[in-house]
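Step one of this worksheet: look at the structure below.
What you see is a predicted model, and the numbers here were worked out from it, not measured in a lab.
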Amino acid sequence: MTTPGGTDVFYGSIPVFRGFDRLMDPALYSPLPDDWSIGVADIVESTKAIANQRYKAVNMAGAAVIAAVTNALEGREFPFVFGGDGASFAVAPGDLEAARAALAATATWVGEDLDLSMRVALVPVKAVRAQGLDIRVARFGPSPNLSYAMFSGGGLGWAEAAMKRGEFAVAAAPPGEQPDLSGLSCRFEEIPAARGLILSVLVVPAKGADPRAFRKAIEDIIDLVERSPDAGRPVPMGGPEIRFPPKGMEFEARAARGGSLLRRRSVVFATSLWAYVVLRLGIKVGNFVPKTYLQQVVENSDFRKYDDGLRMILDCTPELERELTKRLAAAASNGIVRYGLHRQDAAMMTCFTPSVMRSDHVHFIDGARGGYASAATALKATAA
């Protein structure tokens with residue numbers, strides 16, 4: 001199977017589903033065309049960076065991959081997923097070289113401006129299917145404003161493992177080359193737990209698990225979470241707190257283009273102050289309505305997803321955490337799942353807002369004290 005048009009032609013043709021409890025329905029997922037490629041990126045030694053309390057830098061690096069590829073594709077829709085310390089996406093042949101250049105430049109920027117090492121790779125879908133695996137994609141709409149990609153079939157996990165083995169690597173761009181990260185920001189404050197704790201959840205199938213049993217286990221977990229207030233969403237109804245100056249201002253300045261770092265800091269300082277005043281006082285500016293924007297921030301947050309495994313950042317009570325742990329432990333003992341959990345006191349948000357005048361701005365959620373990366377470390381320990 002091939003596609004006649006660009007990435008957005010195939011992806012845009014997939015119907016958006018509502019209701020996260022439908023996540024495991026295989027009818028929602030469409031196989032990626034054979035001539036597509038999978039982009040994968042992650043931070044090398046992210047556990048060490050997190051131990052040094054560089055949570056925001058790690059998240060900024062992962063979100064930068066999505067921002068860079070989006071801008072390289074001139075805003076066309078493509079399937080992607082944010083993983084905390086990395087990101088994955090898929091592109092059609094016509095968008096491959098633009099995505100490759102964006103990945104290469106992002107790896108260089110992450111090294112030079114964030115002092116982190118990022119590995120990146122582009123894996124042909126055909127190489128995945130040669131392993132007897134598949135890559136299928138669905139579109140989940142958390143709100144009427146936008147959709148997020150969900151991946152199934154086992155192929156994404158294989159592509160990430162291949163990248164870590166050094167296969168299909170994309171070389172970093174020459175020193176000084178910077179991706180277009182327009183719209184990438186992190187102006188909101190950390191989001192403290194309102195119900196007890198922020199729980200990072202990562203659940204994948206155990207080796208050789210019955211797919212039907214795994215599906216039932218995931219649906220059971222989702223059903224439990226759906227019954228909690230606001231389905232465990234960690235973002236409060238009024239949106240995260242905003243202060244001035246924002247803690248993430250330096251990251252935003254380093255992501256900007258044009259002029260010296262001092263000049264970029266000055267521009268970000270001015271725009272952050274303007275945004276703070278407008279949002280804090282609720283000042284309508286032209287067609288921009290702060291209350292509407294903040295409502296969209298809440299609705300658009302990606303606090304739960306599926307990419308060959310269930311990922312969630314939940315604001316939950318201790319009782320819900322105990323019940324989740326109990327059910328996951330039972331499923332693990334039956335050889336159905338492997339899982340990792342990480343408890344913390346707050347969540348964090350990294351934003352990609354190409355235009356405040358549009359409703360499809362995206363907001364990546366992770367735990368503020370290790371998040372998905374720490375949950376992944378806990379998961380890996382179960383295989384030791």
Side-chain angles (χ1 to χ4, degrees), residues 1 20-32 34 36 38 40 42 46-47 79 81 83-88 90 121 123-138 140 149-168 199-225 304-312 314 321-342 372-384:
M1 175 186 175
F20 198 70
D21 57 348
R22 299 177 59 203
L23 176 72
M24 299 303 289
D25 181 355
L28 298 173
Y29 291 80
S30 301
L32 287 180
D34 280 336
W36 278 41
I38 302 298
V40 280
D42 80 341
S46 60
T47 304
V81 62
D85 63 346
S88 305
V123 184
V125 168
K126 284 184 178 179
V128 171
R129 293 199 170 118
Q131 305 298 316
L133 301 170
D134 200 2
I135 297 190
R136 299 188 297 272
V137 64
F140 167 62
M150 308 282 132
F151 291 91
S152 71
L156 196 61
W158 184 86
E160 292 170 353
M163 172 189 66
K164 292 177 180 180
R165 293 193 299 266
E167 301 171 20
F168 309 104
L199 185 66
S200 302
V201 181
L202 179 55
V203 189
V204 300
K207 187 175 181 180
D210 180 348
R212 290 171 297 182
F214 179 70
R215 174 180 175 178
K216 186 178 184 306
I218 295 298
E219 289 176 340
D220 183 46
I221 293 300
I222 293 172
D223 178 67
L224 176 65
V225 173
R304 51 187 181 174
K305 64 198 80 176
Y306 190 85
D307 59 345
D308 283 342
L310 179 65
R311 294 177 185 262
M312 297 187 293
L314 303 174
E321 183 226 357
R322 285 195 292 270
E323 184 61 26
L324 271 172
T325 303
K326 176 183 174 182
R327 296 191 187 191
L328 287 169
S333 67
N334 289 327
I336 300 170
V337 308
R338 293 172 49 230
Y339 70 96
L341 302 175
H342 183 66
Y372 286 130
S374 293
T377 299
L379 185 147
K380 289 172 188 173
T382 66

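Between Y372 and G83, the shortest heavy-atom contact is CB-O, 3.6 Å. Taking all atoms of both residues into account, the shortest heavy-atom contact from V225 to M312 is CG2-CE, 4.1 Å. Contact detail for K126 and D34: the closest heavy-atom pair is CG-O, 3.3 Å. Considering every non-hydrogen atom in both A217 and A331, the closest pair reads CB-CB, 4.4 Å. Heavy atoms only, all atoms of each residue included: S200 and A375 are closest at O-CB, 4.0 Å. When all heavy atoms of G340 and A378 are compared, the pair lying nearest together is CA-CB, 4.0 Å.
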Do any side-chain atoms of residues 149-160 form donor-acceptor pairs under 3.5 angstrom with protein atoms, and if so which ones, sequence neighbours left out?
from, atom 1, to, atom 2, distance (Å)
E160, OE2, S88, OG, 3.2

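The closest side-chain heavy-atom distance from R338 to L202 is not below 4.5 Å. Residues R129 and D134 have side chains in contact (heavy-atom distance under 4.5 Å, counting atoms from C-beta outward). Residues F140 and L23 fail the side-chain proximity criterion, which asks for heavy atoms closer than 4.5 Å. You'll find the side chain of R212 stays beyond 4.5 Å of the side chain of R215, heavy atoms only.
To the nearest 0.5 Å, atoms CG (L328) and CD1 (I336) are separated by 11.0 Å. Taken to the nearest 0.5 Å, the CD1 atom of I221 stands 10.5 Å off from the NZ atom of K216. In this structure, M24 CE and Y306 OH are separated by 4.0 Å, a value rounded to the nearest 0.5 Å. The NZ atom of K164 sits 5.0 Å away from the CG atom of D42 when rounded to the nearest 0.5 Å. To the nearest 0.5 Å, atom CZ of residue R327 and atom CG of residue L224 are 4.5 Å apart. Here the straight-line distance linking atom CG of L32 with atom CD1 of I38 works out to 5.0 Å at 0.5 Å rounding.
The backbone N or O of E219 lies less than 3.5 Å from no partner atom in the side chain of D223, so there is not a single donor-acceptor pair.
Among V203, L324, L379, T325, the single residue meeting the side chain to side chain contact (heavy atoms under 4.5 Å, CB included) criterion with L341 is T325.
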